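The structure appears right after this line, and notes come after that.
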Amino acid sequence: MTDQLPLDPTRTVLLVMDYQVGLVGRLPDADALLERMAATVADVRSRGGHIGWVRVGFDDADFDAIPAASVMARIATPDRRAALHADATETQVHDRLSPQPHDISVRKTRVGAFTTTDLDQQLRDRGVTTLILAGISTSGVVLSTVREAMDRDYQIVVLGDASADPEPDTHAFLISTIFPRYATVIDVSDLPELWG
């Protein structure tokens with residue numbers, strides 16, 4: 001689907017989504033995933049591309065504002081609120097990655113990266129037209145963000161082997177069948193070819 005190759009790094013952002021301590025730690029291949037992601041961040045930076053960090057975390061007002069019918073109400077139950085708080089260790093970007101002060105950074109309170117953030121405005125302010133997406137989980141933040149980005153007319157690249165899901169079969173189905181309808185799906189090792 002990417003028909004405007006090669007990609008211009010100055011108009012491209014690598015969105016690293018939900019690579020949080022509490023989520024990465026649940027995955028069996030966390031070390032390999034973190035290694036690929038760290039290398040990809042370094043590569044995009046070296047080419048002059050933008051890096052965006054997306055994480056989910058709630059403050060007290062956010063918890064109080066969750067509608068009872070929302071799927072988030074089932075996730076942010078009273079016994080899990082401490083671990084989901086915006087200040088909790090579990091909601092911070094994993095320390096093996098390296099957010100920088102000049103990077104884009106948003107904290108969300110829903111599944112997709114755009115819904116409860118100013119991400120779209122930050123991207124537009126920097127002239128970004130292409131999103132390279134990687135995240136945990138494929139059936140959550142990646143799927144939601146692909147659909148939202150498509151509706152906002154971004155060119156989309158999904159890094160299949162830098163995204164992961166607790167259900168490997170669901171990940172494989174989305175990467176092989178659904179995402180190619182809306183995005184270019186590649187592995188991290190293929191990314192250099194897109195820069196031209």
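If you're wondering where the values come from, they're calculated on a predicted model, not measured in any experiment. Heavy atoms only: backbone and side chains are in, while hydrogens, waters and symmetry mates are out.
A donor-acceptor pair is defined here as one N or O able to donate and one able to accept, closer than 3.5 Å; no such pair exists between the side chain of Arg55 and the backbone of Tyr19. In this structure, the side chain of Ser137 does not engage the main chain of Ala164 through any donor-acceptor pair within 3.5 Å. The closest donor-acceptor contact from the side chain of His94 to the backbone of Leu23 lies at 3.5 Å or more, if one exists at all. Using a distance-only test at 3.5 Å, with no hydrogens or angles considered, a donor-acceptor pair links the side chain of Asp62 to the main chain of Asp59. The backbone N or O of Met150 sits nowhere less than 3.5 Å from a side-chain atom of Gln155 that would complete a donor-acceptor pair. At least one donor-acceptor pair closer than 3.5 Å links the side chain of Asp161 to the backbone N or O of Val188.
Thr12 is not listed as a side-chain neighbour of Arg47, based on a closest heavy-atom distance of 4.5 Å or more. Side-chain contact between Gln100 and Ile51 is absent, with no heavy-atom pair separated by less than 4.5 Å. A heavy-atom distance below 4.5 Å is found between the side chains of Leu14 and Val41. For the pair Met72 and Thr109, the minimum side-chain heavy-atom distance is 4.5 Å or more. Using a 4.5 Å heavy-atom cutoff, the side chains of Thr91 and Phe58 are not in contact. Within the 4.5 Å cutoff, side-chain heavy atoms of Lys108 are placed close to those of Val141. Val142 has its side chain within reach of Phe179: a pair of non-hydrogen atoms, C-beta onward, lies under 4.5 Å apart. At least one side-chain heavy atom of Leu33 sits less than 4.5 Å from a side-chain heavy atom of Ile136.
Considering all non-hydrogen atoms of both residues, Leu174 and Ser139 come closest at CD1-CA, 3.6 Å. Taking all atoms of both residues into account, the shortest heavy-atom contact from Ala86 to Gln92 is O-NE2, 2.7 Å. Residue Ala82 comes nearest to Ala88 through the heavy atom pair O-CB, 3.2 Å, listed as atom of the first residue, atom of the second, then distance. Of all heavy-atom pairs between Met37 and Ala134, the closest is SD-CB, 3.8 Å. Annotation for Ser105 and Gln122: closest pair O-NE2, 3.7 Å, computed over non-hydrogen atoms. When every heavy atom of Ala73 is checked against every heavy atom of Ile66, the shortest pair comes out as N-CG2, 3.5 Å.
Linking ILVMFWY side-chain heavy atoms closer than 4.5 Å, directly or via other members, places Leu97 and Val21 in two distinct hydrophobic clusters. In the hydrophobic clustering of this structure, Ile178 groups with Ile175; members are Ile, Leu, Val, Met, Phe, Trp, Tyr whose side-chain heavy atoms approach within less than 4.5 Å, directly or through other members. Taken together through direct or relayed side-chain contacts under 4.5 Å among Ile, Leu, Val, Met, Phe, Trp and Tyr, Met17 and Val111 form parts of separate hydrophobic clusters. By the criterion of side-chain heavy atoms lying less than 4.5 angstrom apart, applied directly or through intervening Ile, Leu, Val, Met, Phe, Trp or Tyr residues, Leu15 is grouped together with Val106 in one hydrophobic cluster. Leu131 and Val146 fall within a single hydrophobic cluster, where Ile, Leu, Val, Met, Phe, Trp and Tyr are joined by side-chain heavy atoms under 4.5 Å apart, directly or via other members.
A salt bridge links Arg96 to Asp31: one of the charged nitrogens lies within less than 4.0 Å of a carboxylate oxygen.
Arg152 CZ to Leu123 CG: the interatomic distance, rounded to the nearest 0.5 Å, is 9.5 Å. Rounding to the nearest 0.5 Å gives a distance of 13.0 Å between OG1 of Thr138 and CZ of Phe173. The CG atom of Leu191 sits 6.5 Å away from atom OG1 of Thr40, with the distance rounded to the nearest 0.5 Å. Note: Leu84 CG to Asp79 CG = 9.5 Å, rounded to the nearest 0.5 Å. For the atom pair Asp190 CG and Leu159 CG, the distance stands at 9.5 Å (nearest 0.5 Å). Atoms CZ and CG, from Arg107 and Asp118 in turn, are 11.5 Å apart once rounded to the nearest 0.5 Å.
For the pair Arg11 and Tyr154, the cation-pi criterion (under 6.0 Å, within 45° of the ring axis) is not fulfilled.
Side-chain contact of Ser189 with Asp187: a donor-acceptor pair under 3.5 Å is absent, judged by distance alone.
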